[in-house]
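Here is the structure we will look at.
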Amino acid sequence: MMPFERLRVIDATHVLAGPFAAYQMAVMGADVIKIDRPGDPDQVRLQGPDRELSAAGMGTTYLAQGANKRSAALDLKTAGGQEALKALLKDADVFIENYRPGALAALGLGYQDIARINPRIVYCSVSAFGQTGPRGPETGYDFVFQAVAGLMALTGTEESGPLRAGAPVVDYATGYMTAFAITAALYHRERTGRGQHIDLAMFDATLMLMSTHVTALTAGGKPPHPEGNRFNVAGVGAYDTADGLLMLGAANMRQQKRLWLALGRPDMVKTAHADRIDAHAEEAAVLREAMLTRTASDWEAFFRHHGVPAGKVRPMEEALADPQLNHRGVLQPLPQPLGRAGEYRVPVAPFLMSESNPTVRSPPPALGQHTREVLAEAGIDDGRIAALISEGAAVQAL
Ligand SMILES: CC(C)(COP(=O)(O)OP(=O)(O)OC[C@H]1O[C@@H](n2cnc3c(N)ncnc32)[C@H](O)[C@@H]1OP(=O)(O)O)[C@@H](O)C(=O)NCCC(=O)NCCSC(=O)C(=O)O
């Protein structure tokens, strides 16, 4: 049995963070129904390098987080769409939304409205800065939070100036935090019988990702600055080798001792961390010269043998070919969309579970693929479903 089996999640989220939270619940067995907006698809359905997929609403960005879900297309601006959503929420366990604070309440679909018809529901609102407060009304994306929370100011070098992380780390981390908050609320409901409202802010999520830098400032008085690939000790950092960059990770005192002994330089071993900081320039000069004498792969093998963490700086193609990924099955196959031959692979979850391993079971649905099916399951009779479709409140894909 999967952990979230028979748990019904109504996922009225769009873009990345909210849908990724619902995806994580779906790979753990939840029955997730994505509420799509007829005529104005979730922007990620249109995103990615493959134009044919994007034009069909199956863009590669959507393919990363759409598996195991069903899609019901409802126009929530209509009375019929609101009626249909309420019918779905009446018996649901979880509702997730990430629209501008107040947008759903204005349609009679806020927490108070829904708690009246289903007091056991866990209603989770993901927003930019929170539901209330001076910045509550604002909207935002990953890159905006990387900017305003100070994450960009940590990334890059003094020369490059602030840089955005190459992947939308705030979105995906927010997705995980959201799934955790929902899981905690479900556990609370198990014990009390009561649902609740979760108010999760992406600005706050970004600060969670920088916790060590926050305490470096608030407890240590050290304002962060862009660090690039350079750390405060030379045994940690990126070095050129004979054929590319190597990230060396002799972070603790035991590892720095192994590093210098392996390189035949017992004279460089330090006994106090502070001495390593003071000797940064001298140690870095020795390492720069030494690292040029072998290839990055040779160094990986060498340091593995000597118990020092190190890894070649690789492009994604090389990372995905790593046999370790196959061994663990973190990327699972799904059929190519639009009837294309073959399969693509999608990241599922970073953990294996001995009783209930996360899995993808069904491919990402087309917009409105399951509208009739899920409305019927919610107890709406065929005649009413037909009326909702004919008035445009609901759309069933062909
Ligand atoms: C993502 C957004 C910036 C998108 O902003 P906007 O395009 O301006 O949309 P808004 O949320 O402001 O408003 C959405 C409007 O759509 C309406 N709405 C929503 N769903 C429906 C359906 N199904 N039918 C009809 N209408 C609908 C809703 O009532 C609002 O109406 P009106 O009230 O009439 O306007 C924002 O939603 C936001 O800040 N969300 C919270 C933070 C977040 O999740 N950010 C994205 C993470 S992903 C990311 O960062 C990344 O990819 O990078």
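Both ligands and their constituent atoms are indexed starting at 1 by order of listing.
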Before signing off on this row, confirm whether [X] and ligand 1 have an N or O atom pair separated by under 3.5 Å.
X	value
Y99	yes
A128	no
M202	no
L74	yes

(message) Would you say the ring centers of F145 and F203 fall short of 6.0 Å from each other?
(response)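 That pair fails the under 6.0 Å test.
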(request) Taking the six-membered ring for Trp and the single ring otherwise, decide whether the centroids of F95 and Y111 are under 6.0 Å apart. (result)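 So the answer is no for these two rings.
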(message) Salt bridge or not between R8 and D31? Use side-chain N to carboxylate O under 4.0 Å.
(response)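 Judged by the 4.0 Å cut-off on N to carboxylate O distance, R8 and D31 do form a salt bridge.
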(request) Could you tell me whether R372 and D382 have a side-chain N and a carboxylate O separated by less than 4.0 Å? (result)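 Here R372 does not pair with D382 in a salt bridge, since their nearest N and O are not under 4.0 Å apart.
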So between [options], whose heavy atom ends up nearest [atom]?
atom	options	result
atom 24 (N) of ligand 1	L104, T139, L76	L76
atom 32 (P) of ligand 1	R100, Q43, E138, H14	R100
atom 29 (O) of ligand 1	V126, D171, L107	L107
atom 17 (C) of ligand 1	R37, Q146, E97	R37

(message) Strictly distance-based, threshold 3.5 Å: is any side-chain N or O of E97 a donor or acceptor partner for the main-chain N or O of T13?
(response)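 No: the side chain of E97 does not pair with the backbone of T13.
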(request) Say whether T215 and T218, considering side chains only, have a donor N or O and an acceptor N or O under 3.5 Å apart. (result)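 No - no donor-acceptor pair under 3.5 Å links their side chains.
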(request) Give a yes/no on ligand 1: does S127 have at least one heavy atom closer than 4.0 angstrom to it? (result)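 Flag set, S127 near ligand 1.
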(message) Is G140 close enough to touch ligand 1? Criterion: a residue heavy atom under 4.0 Å from a ligand atom.
(response)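 It does; at least one heavy atom falls under 4.0 Å.
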(request) Look at atom 8 (O) of ligand 1 and say whether a protein heavy atom is found at less than 4.0 angstrom from it. (result)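 No, there is none.
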